[in-house]
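Notes to accompany the following structure.
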Amino acid sequence: MKLVKANIYGFGKWIDQEFNFEQDYQVIVGSNEAGKTTLLNFIQSILFGFASARGENKFLQYKPKNSSRYGGELVFKSDDQSIWTVKRIDGKGDGEVTLFHDEQQVPKTLLSEIIGNFTKDDFENTHIFDDRSILSIYSLDEKQLENEVMSVGAVGSKEWLQTAEQLNHEAEDIYKQRGQKQPLVVNLKRQDKLLEEKAEIENQQAAYQRVKNQLDQTEKNFSDNELLLNQATEKENNLRNLEKKWLRYEQLQQTGSQTDERQVISDEDWESVLKANQELSTLKETPTANKISELDNVEKQILNNYRTNQTRLDYVRNQKFELQNLQFHRDDMNSKLLKVDTQVDQLFKNHPELSEEMVPLTSEEIEALAKPSPKINNLPLIIVAISIVLAFVISPLRILFALVAIAGAIWYWYQNYSGKTKNDVNGYAFLQQKGYGNLNPETILNLQSTVISLDNFHTTQNSLIDGIKAIEVDLNKWRKILIELDVLDESYKDDNYNEQIEKYFIRLDQIRAKADLAQQNQAETQKIADEKNRRLRELNKEIFAVLQKYQVVNMNSFIQMRTQQIENKKVITQIKQDKDFLGNDLSELKKYSDYSQLTKELTKAANIKNQLADKNNELSRQMGSLKEQMQQIMDNNRYQHMVEELAQNEADIIDNYDEWLSKKLASQWIRNMLNNATKNRYPKMIDKATQYFDLLTNHNYVKIDFSKSGIIVTSAKKNRFDVHELSKATTIQLYISLRLAFVTEIADLVKLPILIDDAFVDFDSSRTENVFKLVQKIAQNNQVIYVTANEPNVPDDHIMKLEDVVSA
């Protein structure tokens with residue numbers, strides 16, 4: 001698989017960004033904080049899942065702050081040129097994964113076609129190179145590295161290797177060749193010690209055996225006597241038990257013949273008669289059902305009125321909401337009328353010159369009233385002034401000019417007089433007709449909007465008054481109908497008709513229900529009486545049948561018979577209790593004719609028991625004496641304990657050996673099987689690592705070996721160095737060689753891109769150049785994506801600058 005494209009929806013600083021990786025090795029150059037590491041983490045996260053929000057992992061999340069989309073997709077091209085697309089977005093756990101093969105969605109399980117059996121940790125430990133993991137190879141010895149190589153050789157092998165290692169440790173915890181505290185080692189040493197102690201004790205066995213034979217015979221006699229003693233004790237106890245029960249046995253013999261064998265009344269018949277007799281008495285004492293109260297005269301009159309006028313009254317009930325609407329509309333109109341009256345009063349308050357008689361002017365009238373006054377011509381004054389001046393200047397024509405001045409003055413006076421006449425309001429007859437007398441034109445014009453509002457209010461008032469009158473007419477019609485139907489009384493003065501209708505029909509419904517109930521009650525009463533008589537006959541018949549069964553003539557005789565039966569039952573109960581108390585001993589008691597015979601048998605049994613007990617005590621004393629003699633010769637318990645301990649130790653050795661051998665063989669079998677599965681990858685990896693190390697160090701180091709203490713390298717001058725003796729840069733070169741050799745060796749199992757995050761910052765220019773030579777060599781079979789802050793000396797078509805990507 002080759003990674004050809006990364007499409008980022010939202011990841012860290014990258015939002016809706018696309019990266020193409022067409023080259024076998026791609027160098028991504030960018031300054032600090034440019035997003036280089038973010039891009040590599042995106043590739044890892046899409047393949048193996050987002051970091052969780054728990055603990056310190058929350059700091060490894062790259063949820064974007066400026067976008068609600070979290071995730072993206074990676075596009076891979078396989079060797080057969082088919083396209084695989086891995087899409088992962090935010091979701092439960094490590095995100096929701098969708099997998100496509102040639103644009104067709106396939107199951108997520110096929111992700112193994114890309115990542116093999118790798119986990120996220122496997123990928124980080126093999127294909128990712130950064131400054132955090134650069135020195136991790138220091139701690140690996142030969143066996144650990146071999147384990148890492150084998151762990152990718154077969155499915156689930158890492159877990160098998162852990163199991164093999166655990167089995168080997170468990171086996172060494174049981175037995176180790178030079179161990180001291182392991183269980184099998186301890187038990188083997190203890191076995192030798194126990195055998196020595198047993199040999200010493202067996203030398204004393206002859207004297208010990210003679211006393212032991214005597215003790216065995218005494219113990220046998222004791223056991224036989226113990227058996228006879230137990231039998232005698234049991235017999236004595238049984239006889240004493242019979243003695244204690246003899247009194248109840250005699251009582252049983254006395255009461256056994258007192259039972260009455262007459263026919264017994266069953267509990268079922270007794271309960272049946274009592275129940276029937278009780279019900280019979282109850283029915284006789286129960287009166288006829290109470291009568292429901294009858295209708296009074298007023299209620300009858302109301303019910304008759306309804307039946308006579310049912311159609312009209314039903315109509316009234318159905319139309320009561322219409323009547324309520326009429327009242328609502330009337331009240332609403334009254335409220336509106338009051339509001340309009342208030343507005344009219346406010347108009348008169350705000351405009352004192354306003355009167356009720358004022359009518360709005362027409363547009364022609366307003367235009368005539370608003371026409372401006374004609375301007376006074378000043379020409380006559382000019383003529384008068386000129387004539388006066390000329391009269392003084394030209395004396396001969398003084399009279400003529402004086403006449404001209406007088407004529408001009410008369411002209412000017414006439415002009416002023418005619419203008420005043422035209423501006424007089426009284427000259428407009430329509431103003432008096434429309435109520436504007438004694439007002440100047442300006443005031444009249446200013447009042448026009450107010451007069452129009454007043455006129456509109458008058459129109460609204462008239463309309464509301466007409467509506468209220470119409471509703472009052474309808475309400476009066478309703479009142480007449482309700483009075484006619486007796487729903488309303490003529491004395492009712494209010495107009496809340498709907499409430500009165502509701503009260504009327506509530507009472508009417510109650511009266512109708514009462515009438516229906518009275519009618520039903522009459523039929524029900526007769527039905528109950530008939531049922532009562534029928535039940536009385538059944539009960540009498542039932543009681544008579546039971547009395548006949550037991551041949552009694554009346555209930556008193558039946559009760560006397562039951563009472564006698566109860567007395568007999570007490571005797572029977574006592575007999576039963578005596579028999580239960582005696583149990584199996586009853587048959588034994590019957591073997592004795594009287595109490596004295598029983599006591600004689602008991603005395604005899606007690607004597608035999610006492611004799612056996614005395615003999616048992618004597619044998620017990622003899623056994624104690626013999627055991628004391630044996631103890632003086634040898635502690636047989638110690639010998640027996642030692643024999644048992646030796647047997648237990650042998651069993652423990654066998655168990656330890658079986659467990660050690662099974663774990664050891666299982667561990668070796670797992671390693672052999674995995675070594676076969678890895679096809680001897682380990683030697684091949686070391687050869688590749690040596691070639692890569694030789695290239696990176698300019699041929700200064702020619703060999704890599706592993707020892708129990710760690711990694712050993714050999715220089716071109718045949719000098720051997722421990723890894724910790726190398727310079728930091730050379731150590732990193734060794735680490736890179738081993739890691740890259742490991743990755744290339746397992747390329748047949750998984751071919752994921754190698755991600756290098758500026759891992760060579762401590763290299764000089766020569767070492768850096770060697771690194772890129774190695775990268776170019778590895779990239780022939782393994783894709784490499786390398787991010788750095790410093791642009792290397794490689795072809796331009798292999799370099800991607802993040803600044804250009806962002807600006808694009």
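Side chains included, hydrogens not; waters and symmetry mates left out as well; all remaining heavy atoms used. Since we're looking at a predicted model, the values are computed, not measured.
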Test of understanding: with side chain to side chain donor-acceptor pair (under 3.5 Å), list the residues that count as partners of Lys189, not counting sequence neighbours.
Gln180
Whether Glu618 and Lys615 form a salt bridge (side-chain N of Lys/Arg under 4.0 Å from carboxylate O of Asp/Glu) is what I want to check.
no
Quick one: list whatever passes side-chain contact (heavy atoms from CB on, under 4.5 Å) with Glu219, sequence neighbours left out.
Leu215, Asp216, Met623, Lys627
For Tyr592, the ring pair (Phe, Tyr, Trp, His ring centres under 6.0 Å) test, sequence neighbours excluded, returns none
Listed by chain and number, what are the salt bridge (charged side-chain N to carboxylate O under 4.0 Å, His left out) partners of Asp224, not counting sequence neighbours?
Lys220
Under 3.5 Å: donor-acceptor pair, side chain of Asp694, backbone of Thr690
no
Ignoring hydrogens, what is the shortest heavy-atom contact between Leu740 and Ile754? Give both atom names and the distance.
CD2-CD1, 4.0 Å
Mutual orientation of the aromatic rings belonging to Phe11 and Tyr70 [parallel < 30°, tilted 30-60°, perpendicular > 60°]
parallel
Under the salt bridge (charged side-chain N to carboxylate O under 4.0 Å, His left out) test, residues paired with Lys193 that sit two or more places apart:
none
Counterpart residues, side chain to side chain donor-acceptor pair (under 3.5 Å), relative to Asp79 (two or more places apart):
none
Just checking, is any N or O donor in the side chain of Asn782 or Thr744 under 3.5 Å from an acceptor N or O on the other one?
no
For Tyr175, give me all partners under ring pair (Phe, Tyr, Trp, His ring centres under 6.0 Å), at least two apart in sequence or on another chain.
Trp660
Going by distance alone, is a donor N or O of one side chain under 3.5 Å from an acceptor N or O of the other, for Glu644 and Gln648?
no
Quick one: sort the His127 and Phe118 rings into parallel, tilted or perpendicular, breaks at 30° and 60°.
perpendicular
Pairs where residues 646-660 contributes a residue and the test salt bridge (Lys or Arg N to Asp or Glu O under 4.0 Å) is met, not counting sequence neighbours:
none
Glu113: salt bridge (charged side-chain N to carboxylate O under 4.0 Å, His left out) partners, not counting sequence neighbours:
none
With sequence neighbours excluded, tell me which residues meet salt bridge (charged side-chain N to carboxylate O under 4.0 Å, His left out) with Lys36.
none
Quick test of your reading of the model: are Lys235 and Glu601 salt-bridged, counting only N-O distances below 4.0 Å?
yes
Measure across Ile174 and Asn656 and return the closest heavy-atom pair with its distance rounded to 0.1 Å.
CG2-O, 3.5 Å
Just jot down the ring pair (Phe, Tyr, Trp, His ring centres under 6.0 Å) partners of Phe76, sequence neighbours excluded, or say none.
none
Are the side chain of Asn41 and the backbone of Thr37 linked by a donor-acceptor contact shorter than 3.5 Å?
yes
Which residues pass the side chain to side chain donor-acceptor pair (under 3.5 Å) test with Asn617, not counting sequence neighbours?
none
